[in-house]
A.B. asks: 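Next up is a structure, given as C-alpha cells.
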Protein chains: 2
Amino acid sequence: MIALIYLVCKQQEVGGIRKVTMQDVAEKAGVSKSTVSQYLNERFEYMGQATKEKIKAAIEELGYQPNVLARSLKQKKTLTIGIIVANILHHFSTQITRAIEDYCHSHQYHVIICNADDQPEKEKQYIDMLRAKQVDGIILLPTGKNIALYRELEKQGYPLLFIDRAVEEINVHTIVLNNRDAAMHAVEYFYGKGHERIAMMTTPVHVSVRAERVRGYQEAVRLHQLPQMNEYLSTAPLENTEQALLQMMALSHPPTALLVGNDLVLIEILKTVRKHDIRIPDQLSLITFDETQFAELYDPPLTTIAQPAYAMGKKAAELLLKQINQQLDDEDQRSFVFQAEFLERESVKKLI
Amino acid sequence: MIALIYLVCKQQEVGGIRKVTMQDVAEKAGVSKSTVSQYLNERFEYMGQATKEKIKAAIEELGYQPNVLARSLKQKKTLTIGIIVANILHHFSTQITRAIEDYCHSHQYHVIICNADDQPEKEKQYIDMLRAKQVDGIILLPTGKNIALYRELEKQGYPLLFIDRAVEEINVHTIVLNNRDAAMHAVEYFYGKGHERIAMMTTPVHVSVRAERVRGYQEAVRLHQLPQMNEYLSTAPLENTEQALLQMMALSHPPTALLVGNDLVLIEILKTVRKHDIRIPDQLSLITFDETQFAELYDPPLTTIAQPAYAMGKKAAELLLKQINQQLDDEDQRSFVFQAEFLERESVKKLI
DNA sequence: GTGAAAGCGCTAACAA
DNA sequence: TTGTTAGCGCTTTCAC
C-alpha cells in the first residue's frame with residue numbers, strides 16, 4: 001500500500017518540476033546510488049564498462065542533473081568564491097571583476113559578485129551572506145569600515161583577500177596600486193611642463209586609496225615648493241564637483257593644472273568644463289586616474305594614470321585560490337603593489 | 001571512549017576553521033536543535049521568553065552563522081537567481097545587471113552573474129551550472145543558439161525570462177526594446193535633416209536585436225526611397241570596423257549619415273574617425289544606439305538612442321520573482337516591449 | 001512550549 | 001567491482 005502511494009506521488013510531478021535524483025538514475029541503471037556517485041566523480045578505477053554505459057544511458061534518458069548543493073554540503077566546499085566591490089560604477093571594478101571571473105572560470109570556480117555601494121552596512125550584509133552560502137573565499141574591495149569583522153575573518157583563517165585598498169593592521173593578502181607614487185609622478189609631470197599652481201580633486205578621502213593619492217599630491221607639491229593652498233585641494237562629494245571646480249577657477253590665482261582622483265569625478269568635471277566653457281588644456285591642464293575608453297577619444301585626448309586592473313584582478317584570483325587550496329608558496333608575499341601606467345596625451349599644456 | 005574522541009575532535013579545530021553548527025548552539029542554550037531552528041525562522045508563537053534569550057545569547061557567544069546550503073537543500077529553494085549576459089562589455093548589460101541586483105537585494109534574493117561572452121557553448125555551461133546550483137530561476141540575454149535547451153527549460157516550467165533578445169518559438173516571458181522602430185526613427189530623423197545617403201554599421205547580425213535594427217534601417221530607407229546600397233550596410237566583426245568604415249568613406253558617393261548599432265562599434269568608429277580625420281558631423285552625421293556617459297561629453301555631443309536599461313532590468317527581476325513565487329497576474333503579458341528614448345544632440349548636421 | 005526523528009541529495013568509508 | 005551505511009546541517013511534523 002505504501003509502495004503504491006509512493007509510486008503515485010512520483011508520477012504526478014508535484015509543482016510541474018520533479019527533479020530527477022541520483023536514486024532515480026541508480027534504479028533505472030539497476031545499480032546503487034554510490035556507484036552512480038562514483039561514476040559522476042570519475043572514479044572509474046574498478047568500474048565495469050557495462051556499468052558505466054548503463055549509468056550513462058540512464059542519466060541521459062532521465063536528463064539527470066546533479067545537485068551541487070547536496071554535494072557541497074557533504075564536501076564542505078562549494079567551488080565558489082565571492083567578490084564584493086565597493087562601487088560597481090567605477091570602471092576599475094568592472095575590469096577587476098572580469099579578470100577574476102575569467103581566472104575562476106578556467107579553474108572551475110564560480111563567482112558571486114556583490115556591490116556594496118560604498119556602504120559599510122551593505123558590505124557587512126554581503127560578507128555574512130557569502131559566508132552563509134559557504135563560499136570558499138572572498139575577494140574584497142573593502143570600504144575599510146568593518147574592522148571588527150575583517151579581524152574576525154582574519155582570526156578564523158577565512159580565505160580573504162583585499163584588493164584596491166589596504167586596511168591597516170589587518171593582516172591578509174592585499175593587492176594595491178602604488179597610488180602615492182603615481183600621484184607624485186603626475187604632479188612632477190605637470191611641474192616639468194612648467195605648471196606651478198597645481199590642484200587636485202577627488203571624492204571624500206575616507207578610503208586609503210584616495211588618501212594616498214592626496215598624500216602623494218601633497219608631498220610632491222611640497223617637494224617642489226609649489227604654492228600649497230587649501231583651495232587647490234577639493235575632496236567634495238561627487239554631486240558638488242561642479243561647484244567645487246567653479247570655485248577653484250574663480251580664485252584670484254586659479255590653478256593651471258588639475259589632477260583628477262578617479263573616473264567618476266572626471267565625468268563630473270568634464271560636464272562642468274563643457275557647461276562653463278573652460279578650455280582644456282589652454283586654461284586648465286588635466287591628468288586623471290583611471291583609464292577609460294573615452295580618454296583617448298576626448299578632445300583633447302586625456303593623459304591618464306592607468307591601473308593594470310585586469311592584471312590585479314587576475315593576481316587576486318590566483319592568490320585566493322591558492323590560499324583556499326593551501327598551496328601558498330613562500331614566494332607569495334602578503335602584499336602586492338602594482339605600478340600604474342602613465343599614458344601621456346594632449347590634455348597637458350606646456351607652459352615653458 | 002567514543003564520546004571522548006568526539007570531544008577531542010571538536011577541540012582541535014580541523015584546518016583552522018571549525019564551523020559552529022546549530023547543534024552547538026542548542027547544546028550551549030540547553031535546548032534542542034529544533035527549538036533553535038524555530039527561533040531562527042521566527043516561529044515564536046509558543047516560545048518562552050527565557051528560551052528565546054538563552055538561544056540569542058548562545059548564538060552571539062558562539063558567533064553562529066546558519067548554513068544556507070543545508071537549508072536550501074531541505075527547502076528546495078535557494079532564494080537565488082542567475083543572470084547570464086551575452087556580453088558583459090556592453091554598458092547596457094551592466095545596467096541591466098545592476099537593476100536586477102537592486103531589485104533582488106530589496107527582496108532578499110541573491111544574484112549570480114555570468115558572462116557568456118557571446119558564446120553559445122559558454123551559455124549552455126552556465127545554464128547547466130546554475131541549475132546544478134539549484135537557483136530558483138534564470139534571466140537570460142540569450143545568444144539565441146541553444147534552442148533545444150531553451151525549449152527543455154520551457155517544457156519543464158523552469159522559471160526563465162529572456163531580456164534584450166527574443167527567441168522565436170520559445171514561449172517564455174520576454175523583455176525587449178522596440179529596436180525596429182527605433183532604427184526607423186533614426187533614419188527618419190536623418191532624412192528630416194536632409195540626409196539621403198544613410199549608412200548603418202553594426203556587428204554581425206546573428207542575434208535578433210541587431211537583425212531588427214538592421215531591418216528597421218532597411219525598411220525606413222526603402223520607405224523614403226533613399227539609395228539602398230549594400231555598401232551602406234556593414235555588419236563587419238568588431239575588429240574590422242576601421243577597415244569597413246574607411247571602405248565606406250572611400251565610395252564615390254560616401255554616406256553623409258551613419259547609424260551605429262551599439263556602443264562597442266561606436267568606440268571603434270570614433271577611434272577611426274579620430275585617426276583618419278573624418279569630421280563629425282560635417283563630413284559624417286552620427287546617431288548611435290546605447291547611451292554612454294561620454295555621448296554628451298564627446299565633441300560634438302552624440303545623438304543617441306537610449307535604452308531604458310534600468311527599467312527593463314527591474315521589470316525582468318520583478319516578473320521572474322513573481323513567476324518563481326507563482327504570483328503572476330493575468331495582466332502580466334508574456335512579452336514586454338520597451339520604447340527607446342531618442343536623445344537629440346549635435347552629431348547630426350542639418351543639410352537642408 | 002519543546003524535542004525526537006525522519007529526511008533533503010549527495011559522498012565516502014568500508015564491507016561484501 | 002559494487003552495495004551498505006552513516007552522515008553533511010538544517011527543517012518540519014508530530015508526539016510529549
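Chain letters run A, B, ... following the sequence lines, proteins first, then strands; residues in each count from 1.
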A.B. asks: Look at the side chain of Ser37(A) against the base of dA12(C) and say whether a donor-acceptor pair falls under 3.5 Å; ignore hydrogens and angles.
C.D. replies: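 No.
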
A.B. asks: Between Lys314(A) and Glu101(A), is there a side-chain N and carboxylate O pair less than 4.0 Å apart?
C.D. replies: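 Salt bridge absent between Lys314(A) and Glu101(A).
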
A.B. asks: Taking the side chain of Gln38(A) as its heavy atoms from C-beta onward, which of dC10(D), dG9(C), dG3(D) lies nearest to it?
C.D. replies: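 Between dC10(D), dG9(C), dG3(D), the one nearest the side chain of Gln38(A) would be dG3(D).
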
A.B. asks: Using atom CZ of Arg131(B) as one end and atom C1' of dG9(C) as the other, report the distance to the nearest whole Å.
C.D. replies: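 Interatomic distance, CZ of Arg131(B) to C1' of dG9(C): 17 Å.
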
A.B. asks: Using whole Å, report how far CG of Asp24(B) lies from C1' of dC10(D).
C.D. replies: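 Those two atoms, CG and C1', are 13 Å apart.
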
A.B. asks: To the nearest Å, give me how far apart CD (Glu27(B)) and P (dG9(D)) are.
C.D. replies: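 My rounded result for the distance is 13 Å.
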
A.B. asks: The side chain of Ser34(B) is closest to which nucleotide in this list: dG3(C), dG9(C), dT11(C)?
C.D. replies: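 Nearest to the side-chain atoms of Ser34(B), counting from C-beta on, is dG3(C).
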
A.B. asks: Is any side-chain N of the basic residue among Glu61(A) and Lys28(A) closer than 4.0 Å to the acidic one's carboxylate O?
C.D. replies: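 Judged by the 4.0 Å cut-off on N to carboxylate O distance, Glu61(A) and Lys28(A) do form a salt bridge.
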
A.B. asks: Report which part of the nucleic acid Val31(B) touches: base, sugar-phosphate, or nothing (heavy-atom distance under 4.0 Å, all strands).
C.D. replies: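 Result for Val31(B) = sugar-phosphate.
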
A.B. asks: Quick check on dT1(D): is either OP1 or OP2 less than 4.0 Å from any side-chain nitrogen or oxygen of Lys52(A)?
C.D. replies: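 For dT1(D), neither OP1 nor OP2 has a side-chain N or O of Lys52(A) closer than 4.0 Å.
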
A.B. asks: Find the distance Gln75(B):CD to dG9(C):P and express it as a whole number of Å.
C.D. replies: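 Taking CD of Gln75(B) and P of dG9(C), I get 13 Å after rounding.
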
A.B. asks: Rounded to the Å, how far apart are Leu73(B) CG and dC8(D) P?
C.D. replies: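 From Leu73(B) CG to dC8(D) P: 14 Å.
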
A.B. asks: Which of these nucleotides, dT11(C), dT2(C), dT2(D), is closest to any side-chain atom of Asn41(A)?
C.D. replies: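 The nucleotide sitting nearest to the side chain is dT11(C).
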
A.B. asks: Please give, in whole Å, the distance from dT2(D) C1' to Phe44(A) CZ?
C.D. replies: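 Distance, rounded to whole Å: 15 Å.
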
A.B. asks: Heavy atoms under 4.0 Å, any strand shown: does Met22(B) hit a base, just sugar-phosphate, or nothing?
C.D. replies: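 Base contact.
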
A.B. asks: May I ask you to verify if any side-chain N or O of Lys76(A) is less than 4.0 angstrom from the OP1 or OP2 atom of dG9(D)?
C.D. replies: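 Result: yes.
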
A.B. asks: Nearest heavy atom decides the nucleotide; on that basis, is Ala70(B) or Gly48(B) closer to the 5' end of DNA chain C?
C.D. replies: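 Between the two, 5'-proximity favours Gly48(B).
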
A.B. asks: Tell me if a side-chain donor or acceptor on Gln38(B) pairs with a main-chain N or O of Arg43(B) at a distance below 3.5 Å.
C.D. replies: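 No; judged by distance alone, with no hydrogens or angles, the pair does not exist.
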
A.B. asks: Does Ser72(B) place a side-chain N or O at less than 4.0 Å from the phosphate oxygens OP1/OP2 of dC8(C)?
C.D. replies: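 For dC8(C), neither OP1 nor OP2 has a side-chain N or O of Ser72(B) closer than 4.0 Å.
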
A.B. asks: Can you tell me if Tyr46(B) touches the phosphate of dG3(C), counting only side-chain N or O atoms and a distance under 4.0 Å to OP1 or OP2?
C.D. replies: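 The answer is no; no side-chain N or O of Tyr46(B) sits under 4.0 Å from OP1 or OP2.
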
A.B. asks: Any donor-acceptor pair, under 3.5 Å, between the side chain of Lys74(B) and the base of dG7(C), if you only look at N and O atoms?
C.D. replies: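 When only heavy-atom distances are counted, Lys74(B) does reach the base of dG7(C) through a donor-acceptor pair under 3.5 Å.
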
A.B. asks: Distance-only, no hydrogens or angles: does the Thr51(B) side chain make a donor-acceptor pair with backbone N or O of Met47(B) under 3.5 Å?
C.D. replies: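 Judged by distance alone, no pair lies under 3.5 Å.
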
A.B. asks: Quick one: is Tyr39(B) getting a side-chain N or O under 4.0 Å of the dC10(D) phosphate, OP1 or OP2?
C.D. replies: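 Looking at the OP1 and OP2 atoms of dC10(D), neither is under 4.0 Å from any side-chain N or O of Tyr39(B).
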
A.B. asks: Measure from NZ on Lys133(A) to P on dC8(D) and round the result to the nearest Å.
C.D. replies: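 Interatomic distance, NZ of Lys133(A) to P of dC8(D): 22 Å.
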
A.B. asks: Output the rounded distance in Å from CG (Leu69(A)) to P (dT11(D)).
C.D. replies: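 After rounding, the gap between these two atoms is 13 Å.
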
A.B. asks: Between Glu169(B) and Arg151(B), does any NZ, NE, NH1 or NH2 come within less than 4.0 Å of an OD or OE carboxylate oxygen?
C.D. replies: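 Salt bridge flag = yes for Glu169(B) with Arg151(B).
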
A.B. asks: Ignoring backbone atoms, test whether Thr51(B) places a side-chain nitrogen or oxygen under 4.0 Å from the OP1 or OP2 oxygen of dT2(C).
C.D. replies: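 Looking at the OP1 and OP2 atoms of dT2(C), one of them is under 4.0 Å from a side-chain N or O of Thr51(B).
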
A.B. asks: Any Lys/Arg nitrogen of Asp136(A) or Lys77(A) sitting under 4.0 Å from an Asp/Glu carboxylate oxygen of the other?
C.D. replies: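 Salt bridge: no.
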
A.B. asks: Look at the side chain of Ser32(A) against the base of dT4(D) and say whether a donor-acceptor pair falls under 3.5 Å; ignore hydrogens and angles.
C.D. replies: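 A donor-acceptor contact between them is absent.
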
